[in-house]
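Chain letters run A, B, ... following the sequence lines, proteins first and then strands; every chain starts at 1.
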Number of protein chains: 2
Amino acid sequence: MTDRPIPPRRPMTLRDVSEASGVSEMTVSRVLRNRGDVSPATREKVLAAAAELGYVPNKIAGALASSRVNLVSVIIPSLSNMVFPDVLSGITEVLDETHLQPVVGVTNYRPEREEKVIYEMLSWRPSGVIIAGIEHNEACRRMLRAADVPVVEIMDVDGEPVDSVVGISQRRAGRMMAEAILKQGFERIGFLGTRMPLDHRARKRFEGFTEALARHGLEVADQEFYEGGSALKKGREMTQTLMQRTDDLDFLYYSNDMIGAGGLLWCLEQGIDIPGKLGLAGFNGTELLEGLAMKLATMDAGRRETGREAAKIIAARADGSLTEPRRIEIEPKISYGDTLRRYKP
Amino acid sequence: MTDRPIPPRRPMTLRDVSEASGVSEMTVSRVLRNRGDVSPATREKVLAAAAELGYVPNKIAGALASSRVNLVSVIIPSLSNMVFPDVLSGITEVLDETHLQPVVGVTNYRPEREEKVIYEMLSWRPSGVIIAGIEHNEACRRMLRAADVPVVEIMDVDGEPVDSVVGISQRRAGRMMAEAILKQGFERIGFLGTRMPLDHRARKRFEGFTEALARHGLEVADQEFYEGGSALKKGREMTQTLMQRTDDLDFLYYSNDMIGAGGLLWCLEQGIDIPGKLGLAGFNGTELLEGLAMKLATMDAGRRETGREAAKIIAARADGSLTEPRRIEIEPKISYGDTLRRYKP
DNA sequence: GTGAAAGCGCTAACAC
DNA sequence: GTGTTAGCGCTTTCAC
């Protein structure tokens, strides 16, 4: 055998499929994209050659040539929060029916990181942006506007959106829960939440909550904040702290279900009469709550629905069937569970 | 005022920045990428113009021209599993120190979906692929090999990797837990897990577990599987079912911490003596367990470390400092908690 | 139904 | 330090 020089390994291109099948590049491209009329015979030849080579088209080149990119940027603060995966499922469900696909970026609740993520995302010229929250710094807002892509801000409608917005009113959610608690006759109310100056949604909920209390001449009797660590454990610890410090509390409102569940577990272990002596409520409508001995009251923020509606807007903007910004306010739903209703309905 | 025709809104390009700053496109490109020497004066001019316009470079064009893409594809079965976000944090931690950035794809444990996700990902010509599991169909393996990118399969080392691999041996993890349980004198062992023929990791763990029992002349005394729904609730229900069906069980091994936690809650409510009369163990080393009244025994699969090591391999391959495939086996660590140790150490 | 030519917005390579 | 030229791998457009 003669030593034939091995050609340098070069990335595979349309041209390779073209040569392998004896069909022009243009027609190969048509087959691979299901565009235009191609005779069944050529079609087969092309597909066989492509499969044989294991060819995967280069979307970078395709996107540049067509200036069409099938990506939708989804920008969220965290993945470990339970909340955001649900929104993502909603988004995916809808986009799966289209040619669009989500790309996720995580900001860890840090504005400077959000700025960077938006910049990186936009540099890929996505077909749309879905971003959590309605509070963004000026640089972020300017980039989003200049990009000339459909933008949907989600999970909070209290403020001025860049473009479209889908979600609950966090302030209203806080108010609603306060009203429900007061209606059950509770009045010595403690609040437990995250120490997260940057979680605007939790903050607004708290504001709505205190505002509604104030309207009835009440205020939060005691409060406790945490950061980091196992939320379940923190809920447990904070509850103990609060109940020992202020022993006449008759209700505990938690800013999320996980700390609420921790608190509930602790209360049950202490043999506290719930909801007779002490009522409890969380926030989110987490699936986790199903598995506790007693069902914690909570409020479903319609996460999946939010994701679905946001994705629908992007899809409609992308195919041209929608041109105007939309505003969709989702209705939060209180779930009374076993820990909020003092009087039987 | 005269009616001046409004020019059609055209996507912004380097050229716009070039014109606005009076500097050549090439030099603008240099400034924006921090490449080569540019005088401070021109630099300033360019940056000012770019900021003013809100210009975001087009990475599609950049990637095509340079054949460099700073994306790393991360392909995982699910986001709602608690497990994968941890791996992702590990990956992000390491990639944040580089110019690389992760892009996540989710397969929902479905092979046909995995095939599609891989295809889509590869079509963007990423700098590397990190993919959960070592079982992939032939089409997937062929694509991954043909792509000529570094590939790291994670979370399971039992099998033939395409390229590099990082993770625990799931079989060994199952065996280790079996040994630990037997050493404590438990012998009537029940198993509770997901009915997921496609979760190869859970399956292998179970295989390793039964294999170790068999070596001691034992087998699983009873078992129960679930799918879908709230894992905490399912754990609770399955435990009840199992304990009622086979009332002499002295140990329950759960395939994940969430169902384990559900089971533990139920047992505690029933007043069962743990671990005197019944031992329990889960799997994953979930943070959640910190918040329970009793700490469930579990096994930490080193998720964050797995993510970190995988990302390090990709980064090293990308910058050329590594050329060979690597195999990194992570050591799983048993956490005895309060539910596995019958005899005080 | 198929092919040839031009060009998407950037960067590599080289000139000055 | 800065500019010019060619081309990355596709798709658009138009010709046949």
Practice prompt. Between protein and nucleotides 8-16 of chain D, map the contacts as a letter string: B base, S sugar-phosphate only, - none, heavy atoms under 4.0 Å, written 5' to 3'.
Written response: BBBSBB---

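Inter-residue side-chain proximity for B/Pro150 and B/Asp163 is flagged as met; some heavy-atom pair is nearer than 4.5 Å. A/Trp124 places none of its side-chain heavy atoms less than 4.5 Å from the side chain of A/Val69. Using a 4.5 Å heavy-atom cutoff, the side chains of A/Leu71 and A/Ser127 are not in contact.
With respect to A/Glu305 and A/Arg308, no salt bridge is recorded, no charged nitrogen being found less than 4.0 Å from a carboxylate O. The existence of a salt bridge linking B/Arg113 and A/Asp96 is confirmed by a sub-4.0 Å separation between a basic side-chain nitrogen and an acidic carboxylate oxygen. Under the 4.0 Å criterion applied to side-chain N and carboxylate O atoms, A/Glu120 and A/Lys116 are not assigned as salt-bridge partners. Looking at B/Glu138 and B/Arg145, a side-chain N of the basic residue comes within less than 4.0 Å of a carboxylate O on the acidic one, giving a salt bridge.
Between B/Thr27 and D/dG3, a side-chain N or O to OP1/OP2 separation shorter than 4.0 Å is present.
Side-chain contact, B/Ser39 with B/Arg43: no donor N or O sits under 3.5 Å from an acceptor N or O.
Among the candidates A/Glu114, A/Arg142, A/Arg141, the single residue satisfying the side chain to side chain donor-acceptor pair (under 3.5 Å) test with A/His136 is A/Glu114.
Here the closest heavy-atom approach between residue B/Pro77 and residue B/Val106 is recorded as O-CG1, 3.6 Å.
Extent of DNA chain C lying under 4.0 Å from chain A heavy atoms, first and last nucleotide in 5' to 3' order, is C/dG1 to C/dG9.
Terminal axes of the helix from C/dG1-D/dC16 to C/dC16-D/dG1 (five pairs each, C1' rotation axis) are separated by 30°, to the nearest 10°.
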